[in-house]
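Here's the structure we're looking at; comments come further down.
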Amino acid sequence: MRAGHASRNQGIAQRYRAKLADWYGKEQANKVQHAEAFEVCEYGRRPNRAELARLFPFFGEAVRP
């Protein structure tokens, strides 16, 4: 079970490597081995970077506009 989750999360990190680089910079993104992706809103509009910073303050400077 653990190997299955690890494999899935490694695949997600690879799939979203470019998006990780947008948020954390290329150097930091390349160090990410496991990731988990979430959809903020299936319906309606998508929040911009400033709204994401307000919604998720625990990410600190990584989400600042």
Side-chain angles (χ1 to χ4, degrees):
M1 183 177 243
R2 182 180 295 185
H5 284 286
S7 176
R8 183 183 69 214
N9 291 342
Q10 288 170 341
I12 291 171
Q14 285 301 104
R15 182 176 176 190
Y16 293 104
R17 184 79 54 203
K19 186 56 74 176
L20 288 167
D22 287 346
W23 285 94
Y24 301 105
K26 189 174 182 178
E27 184 178 323
Q28 284 296 102
N30 287 334
K31 293 178 183 179
V32 174
Q33 296 179 13
H34 301 86
E36 193 169 359
F38 294 92
E39 186 172 12
V40 176
C41 181
E42 185 176 359
Y43 305 103
R45 68 178 186 82
R46 294 185 180 192
N48 62 32
R49 204 170 176 100
E51 291 169 319
L52 287 172
R54 185 174 52 80
L55 290 170
F56 303 102
F58 46 85
F59 282 121
E61 294 301 315
V63 296
R64 298 290 178 251

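This one's a predicted model, so the numbers in the text were calculated from it and none came from an experiment.
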Let me confirm one number: the CG-CD distance from L20 to Q14, rounded to the nearest 0.5 Å.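 Output value for this atom pair is 9.5 Å.
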
Starting from M1 and following side-chain heavy-atom contacts under 4.5 Å between hydrophobic residues (I, L, V, M, F, W, Y), which residues can be reached? none

When Ile, Leu, Val, Met, Phe, Trp and Tyr are grouped by side-chain heavy atoms lying under 4.5 Å apart, directly or through other members, which residues fall in the same group as I12?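 Its cluster partners, ordered by chain and number, are Y16.
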
Over all atoms of both residues, closest heavy-atom pair of R54 and P57: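 Looking at all heavy atoms of both residues, the shortest contact is O-CD, 3.5 Å.
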
Least distance between heavy atoms, A13 atom then Q33 atom: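 For A13 and Q33, the tightest heavy-atom pair comes out as CB-O, 3.8 Å.
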
For the residue pair N30 and R17, establish whether any side-chain heavy-atom pair is separated by less than 4.5 Å.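 SC-SC contact between N30 and R17 confirmed.
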
So, do W23 and Q28 sit near enough that their side-chain heavy atoms are less than 4.5 Å apart?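 They are not in side-chain contact.
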
Going by the rule salt bridge (Lys or Arg N to Asp or Glu O under 4.0 Å), which residues pair with R2 if we only count those two or more places apart in sequence or in a different chain? none

Taking E51 for its side chain and N48 for its backbone only, find out whether a donor-acceptor pair lies under 3.5 Å. yes

Can you confirm whether R8 is buried at CZ, in the sense that more than 12 heavy atoms of other residues, nucleotides or ligands lie under 6.0 Å from that atom? yes

